[in-house]
*Asks:* 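To start, I am sharing the structure in question, which I have written as structure tokens.
Throughout, a chain's letter reflects where its sequence line sits, starting with A, and its residues are numbered from 1. Since the model is a prediction, treat every value here as computed from it, not as a measurement.
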Amino acid sequence: MPGPRVRFAPSPTGFFHVGSARTALFNWLLARQSDGGVFILRIEDTDADRNREEWVDGILSAMAWLGLDLDEGPFRQSDNAALHDVAAQQLADAGLLYYCDCTGDEVARRKGDDKTPGYDGFCRDRGLTRGPATGLRFRTPHEGVTVVHDVIRGDVEFANSTIDDFIVAKSSGVVLYALANVADDRHDRISHVIRGEEHLSNAPKQMMLWDALNQVTGDVVTMPVYAHLPLLVNEQRKKLSKRKDPVATESYRDQGYLPDAFVNYLALLGWSPRGDEEIVPRSTLIEQFRLEDVSHSPAFFDVKKMTHVNGEYIRGLSAQQFVEACAPWVRPWSTSWRPTDREVPWSEAQFDEGLFALVAPLIQERVTTLGEVAAMVEFFFLDAPRMDEAAFAKVVGNDPLGRSMLGGAVERFAETQWDAASLHEATTQLGEALGLTLRKAQAPIRCAVTGSLVGPPLFESLHLLGRERTLERLRGALARSST
RNA sequence: GGUCCCAUCGUCUAGUGGCCUAGGACAUCACCCUCUCAAGGUGGAGGCACGGGUUCGAAUCCCGUUGGGACUGCCA
């Protein structure tokens, strides 16, 4: 048996939505789990007015970032216009379509206090022919039911009487999504249509069209299996909105989420791996994914949880992998890709790649996104640390003991052996002499040298920073506090 | 309004009639570890929307109620 042929069919009307990313992933997963599986990308760009080339690039680059590789495509629906026209013509010739010259206003006016859905079929038997203002509608059967066999939800029945004579081609002649999508799916021999739940009510219409095309063209193509994925919602339980919610996949890439982590988290929305472990490699996702196991109810896109997953992946990187992964955020001038709208706190001249490699292990388990890295290590590269004034006042400015620690450190550090253990020991002793625990004793030093009360392990940091720079900062802090 | 979908801790989920005094994960709280912050460890709190059935037995099946959502475009 040949593997499934699935397609991801986004419309390029904005940046790449995380919901689209999940839909793409689920399609890809199904294709990848069987030998002959085929994953197709079809850009549904029939609405020329609202498509932009940059959005197409966004889809392509986001999918590449996520590692969702294609077997066929990318295709553009607009390239198939001829195919769509033929389909419409054949359907029209068979009397399954009819011309309609009603404007939207007229349709709405006639509907009045609405009862029947959508269009009322006014032009159904007017025998109109093609004209400058005539769209094409499908002559929907009034009798019977259409049942959508959905792998996720089971059979969903729609009484045909509740489906209106929907429009299939604009008066401009352009064939719309309703038909174009079906014509393309037939052409591409799509076996599984996996998409968001918002398309469930389109399914019966598309099944009718599919059947009609089977009759009219003589090309009998098996209808695809449908699978409507639960929606991704925001905290208000509304469908994720491009306008109001942070749903741009690109922005997560810019923030420093790892593609594997992002994919792993996405897979957890509406599905879950067997067993208690949810951080699982892509191979496990591919192996275990089953459409019939996808949940029915909407899922909240929880950035907090995704951040945790990302932290797990970052900690799982080898030291070298971590250093490399950080490149776009710490030395963007030398990488092929860099996050947009992000400033690196240091200049190219100030940055020291070798030093960063030594520093990186200190912070690897302290960040949850790569975007946090720079701020955490900037004191190594800046000439002087960016000072947290409130912290400085607390442990140095307003604390005589803090100044004593600094003074003592300037002297001891000038001659102590320069390694973390000796620095640790020296600080402990300095503290003891002042009756301070190490916790208290290290604070002023940390603040003076790093500019903050929180950060990577202090003594390792001092070691890497070097004696000269450390002493310089210690003296600088002392000088500041006495003015 | 109409059509359709959905309903297990705050969140994501496991659970497909007895293994459930409902398991895991995130978040949260406490404690431990500890040079700060993390990470890690241990423990705690927290859920089957409601009402009827069916059944010896229901989170699991059926019906209803309530609640939420999607669609209802000459967009996709």
*Asks:* Starting the side chain at C-beta, find the nucleotide from B:rC4, B:rA27, B:rC74 nearest to A:H308.
*Replies:* B:rA27
*Asks:* Please tell me which of the listed nucleotides, B:rG40, B:rC71, B:rG73, lies nearest to the side chain of A:E312?
*Replies:* B:rG40
*Asks:* Using a cut-off of 4.0 Å on non-hydrogen atoms, how would the nucleic acid contact of A:A391 be classed: base, sugar-phosphate, or nothing?
*Replies:* nothing
*Asks:* Base, sugar-phosphate, or nothing: which does A:L268 touch, judged by heavy atoms less than 4.0 Å apart?
*Replies:* sugar-phosphate
*Asks:* Heavy atoms only, 4.0 Å cut-off, all strands: where does A:H199 land among base, sugar-phosphate and nothing?
*Replies:* base
*Asks:* With heavy atoms under 4.0 Å as the rule, sort A:E157 into base, sugar-phosphate or nothing.
*Replies:* sugar-phosphate
*Asks:* Under 4.0 Å between a side-chain N/O of A:T162 and OP1 or OP2 of B:rG2, yes or no?
*Replies:* no
*Asks:* Answer with base, sugar-phosphate or nothing: what part of the nucleic acid does A:S172 contact at a heavy-atom distance below 4.0 Å?
*Replies:* nothing
*Asks:* Categorize A:A299 for me: base, sugar-phosphate, or nothing, with a 4.0 angstrom heavy-atom threshold over every strand shown.
*Replies:* sugar-phosphate
*Asks:* Can you tell me the base-pairing partner of B:rU21? Count Watson-Crick or G-U wobble geometry only, both distances below 3.5 Å, and say none if there is no partner.
*Replies:* none
*Asks:* Quick one: is B:rG73 close enough that its OP1 or OP2 comes under 4.0 Å of any side-chain N or O from A:K170?
*Replies:* no
*Asks:* Mind calculating the distance between CZ (A:F262) and P (B:rC12) to the nearest angstrom?
*Replies:* 17 Å
*Asks:* Do the rings of A:H199 and A:Y177 sit parallel, tilted or perpendicular, given the 30° and 60° boundaries?
*Replies:* tilted
*Asks:* Is the phosphate of B:rU28 approached by A:K304 (side-chain N or O, under 4.0 Å from OP1 or OP2)?
*Replies:* no
*Asks:* Would you mind reading off the distance between A:Q206 atom CD and B:rC71 atom P, rounded to a whole angstrom?
*Replies:* 15 Å
*Asks:* Taking 4.0 Å as the cut-off, does a side-chain nitrogen or oxygen of A:K238 come that near to OP1 or OP2 on B:rG69?
*Replies:* yes
*Asks:* Between B:rC37, B:rC74, B:rU3, spot the one nearest the side chain of A:S171, thanks.
*Replies:* B:rC74
*Asks:* Compare the minimum distances between each of B:rC5, B:rC35, B:rU8 and the side chain of A:V156, then state the nucleotide with the smallest one.
*Replies:* B:rC5
*Asks:* Please work out whether the ring planes of A:F413 and A:W418 are parallel, tilted or perpendicular, with thresholds of 30° and 60°.
*Replies:* perpendicular
*Asks:* For B:rU36, does either OP1 or OP2 sit under 4.0 Å from a side-chain N or O belonging to A:R366?
*Replies:* no
*Asks:* Could you give the CD1-to-P distance, from A:I59 to B:rA76, as a whole number of Å?
*Replies:* 14 Å
*Asks:* Just call it for A:L453: base, sugar-phosphate, or nothing, with non-hydrogen atoms closer than 4.0 Å on any strand.
*Replies:* base
*Asks:* Using modelled atom types only, decide if a donor and an acceptor are shared between the side chain of A:N310 and the backbone of A:L258 within a distance under 3.5 Å.
*Replies:* yes
*Asks:* How would you label the contact of A:N202 with the nucleic acid (heavy atoms, under 4.0 Å): base, sugar-phosphate, or nothing?
*Replies:* base
*Asks:* Please work out if A:P230 contacts a base, only the sugar-phosphate, or nothing of the nucleic acid, heavy-atom cut-off 4.0 Å.
*Replies:* nothing
*Asks:* Hey, which of these two, A:L200 or A:A169, hits RNA chain B nearer its 5' end, going by closest nucleotide?
*Replies:* A:L200
*Asks:* Mind checking A:Y265 for me? I need base, sugar-phosphate or nothing, with any heavy atom below 4.0 Å counting as a touch.
*Replies:* nothing
*Asks:* Do the side chain of A:R137 and the base of B:rC74 come within less than 3.5 angstrom through a donor-acceptor pair of N or O atoms?
*Replies:* no
*Asks:* Could you check whether A:S295 gets within reach of a base, just the sugar-phosphate, or nothing at all, counting any heavy atom under 4.0 Å?
*Replies:* sugar-phosphate
*Asks:* How long is the line joining OH of A:Y177 and C1' of B:rC74, in whole Å?
*Replies:* 16 Å
*Asks:* Take A:L60 and A:L41, measure what side-chain contact (heavy atoms from CB on, under 4.5 Å) needs, and give me the verdict at the end.
*Replies:* CA-CA 9 Å; A:L60 262 23; A:L41 171 61; 3.5 Å; yes
*Asks:* From the list B:rA70, B:rG24, B:rA76, which nucleotide is the closest neighbour of the side chain of A:D276?
*Replies:* B:rG24
*Asks:* Determine whether a donor-acceptor pair (N or O, by modelled atom type, separation under 3.5 Å) exists between the side chain of A:R22 and the backbone of A:L269.
*Replies:* yes
*Asks:* Please check this pair: side chain of A:N264 against backbone of A:D260, looking for a donor-acceptor N/O pair closer than 3.5 Å.
*Replies:* no
*Asks:* Phosphate oxygens OP1/OP2 of B:rC6: is one of them under 4.0 Å from a side-chain N or O of A:H296?
*Replies:* yes
*Asks:* Roughly, in whole Å, what's the span from CG in A:L266 to P in B:rC12?
*Replies:* 15 Å
*Asks:* What nucleic acid atoms does A:E278 come within less than 4.0 Å of, heavy atoms only: base, sugar-phosphate, or nothing?
*Replies:* base
*Asks:* Specify the separation, in whole Å, of atom CG of A:L423 and atom P of B:rU36.
*Replies:* 16 Å
*Asks:* Heavy atoms under 4.0 Å, any strand shown: does A:G275 hit a base, just sugar-phosphate, or nothing?
*Replies:* nothing
*Asks:* Does the base of B:rC35 carry an N or O that pairs as donor and acceptor with the side chain of A:E460 under 3.5 Å?
*Replies:* yes
*Asks:* Is there a side-chain polar atom (N or O) of A:T437 under 4.0 Å from OP1 or OP2 of B:rC35?
*Replies:* no
*Asks:* Please state whether the phosphate of B:rC12, meaning OP1 or OP2, lies under 4.0 angstrom from any side-chain nitrogen or oxygen of A:R237.
*Replies:* yes
*Asks:* Rounded to whole Å, how long is the line connecting atom CZ of A:R290 with atom C1' of B:rU16?
*Replies:* 17 Å
*Asks:* In whole Å, what is the span from the CG atom of A:D105 to the C1' atom of B:rG73?
*Replies:* 13 Å
*Asks:* Just by modelled atom types, is the A:Q77 backbone N or O under 3.5 Å from a matching donor or acceptor in the A:D184 side chain?
*Replies:* no
*Asks:* Can you tell me how the ring of A:F301 sits relative to the ring of A:Y265, calling it parallel under 30°, perpendicular over 60° and tilted otherwise?
*Replies:* perpendicular
*Asks:* Under 4.0 Å: is that the gap between some side-chain N or O of A:R439 and OP1 or OP2 of B:rU36?
*Replies:* yes
*Asks:* Indicate, with a heavy-atom threshold strictly under 4.0 Å, whether A:R50 touches base, sugar-phosphate, or nothing.
*Replies:* base
